[in-house]
Novice: 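One structure, as C-alpha cells, below. Some questions next.
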Amino acid sequence: MSSFPHLIAATQILADPISNPAPTDPTGGSKGVNLLLAYAKWGSLIACALSAVVSGGMMGVGSLSNRPDSVDKGKRAMIWSLGGVLACAIAIPLVNQVFGAAA
C-alpha cells in the first residue's frame, strides 16, 4: 500500500503537457551546409546518369556479342539507375522542405 502514492505522483508527472519548442537552424545560417548538400545532390545525379549510360552500353555490347548475362546485368543496372534518379528526385524537395521549415 505504500507504493500507491508514488503511483499517483508518477501518473501526474506523465500527464503534464510536453512543450513543443519552435524549430531553429542548427547550422546557424552556415552557407557551407548548403554547398555540401548541393555537391551531394549534383554528384548523385551525375552518378545515376553515368550508370544509366554504362548500363545501356552493356546491353548493347552484350546483345552484339551474344552474351545474355551482360544484357541481363545491363537491364538490372538500368532499372536501379532509374530508381536512383527517382530517389534523388524525391529526396531533393524533401530536404528543401525540411531546411525551409527550419528557417
Side-chain angles (χ1 to χ4, degrees):
M1 288 227 194
S2 66
S3 65
F4 188 69
H6 296 295
L7 183 62
I8 291 174
T11 41
Q12 287 175 348
I13 290 172
L14 290 175
D16 286 341
I18 298 173
S19 64
N20 187 8
T24 59
D25 186 9
T27 63
S30 173
K31 300 292 182 194
V33 174
N34 290 335
L35 181 67
L36 214 72
L37 286 173
Y39 281 151
K41 173 180 68 174
W42 286 109
S44 61
L45 288 175
I46 289 169
C48 289
L50 284 175
S51 67
V53 169
V54 169
S55 63
M58 210 169 156
M59 286 189 292
V61 169
S63 65
L64 289 175
S65 62
N66 200 15
R67 293 184 178 155
D69 57 332
S70 293
V71 177
D72 289 338
K73 286 181 185 178
K75 288 177 186 176
R76 281 195 306 266
M78 180 68 79
I79 290 171
W80 282 109
S81 65
L82 293 177
V85 169
L86 286 174
C88 290
I90 291 170
I92 291 167
L94 181 67
V95 168
N96 287 338
Q97 183 67 28
V98 168
F99 274 95

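Predicted model only: the values in this text are computed from it and were never measured.
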Novice: Side-chain heavy atoms under 4.5 Å apart, restricted to Ile/Leu/Val/Met/Phe/Trp/Tyr: what other residues fall into the cluster of Met59, or is it alone?
Specialist: Met78, Leu82

Novice: Taking only residues two or more places apart in sequence, or in another chain, which ones meet Val85 in a side chain to side chain contact (heavy atoms under 4.5 Å, CB included)?
Specialist: Cys48

Novice: Could you tell me whether Asn66 atom CG has more than 12 heavy atoms of other residues or ligands within 6.0 Å of it?
Specialist: no

Novice: Show which residues join Val61 in its hydrophobic cluster (side-chain heavy-atom contacts under 4.5 Å, direct or indirect), or state none.
Specialist: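 Members alongside Val61: none; it stands by itself.
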
Novice: Minimum heavy-atom separation for Gly62 and Val71, please, with both atom names.
Specialist: C-CG2, 3.4 Å

Novice: Counting heavy atoms not belonging to Lys75, are there more than 12 under 6.0 Å from its NZ?
Specialist: no

Novice: As an exercise, state the distance from CG of Asp72 to CE of Met58, rounded to the nearest 0.5 Å.
Specialist: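 Output value for this atom pair is 9.5 Å.
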
Novice: To the nearest 0.5 angstrom, please state how far the CG atom of Leu86 sits from the OG atom of Ser81.
Specialist: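 Answer for the CG-OG pair, Leu86 versus Ser81, is 10.0 Å.
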
Novice: State which residues pass side chain to side chain contact (heavy atoms under 4.5 Å, CB included) with Leu50; sequence neighbours excluded, sorted by chain then number.
Specialist: Ile46

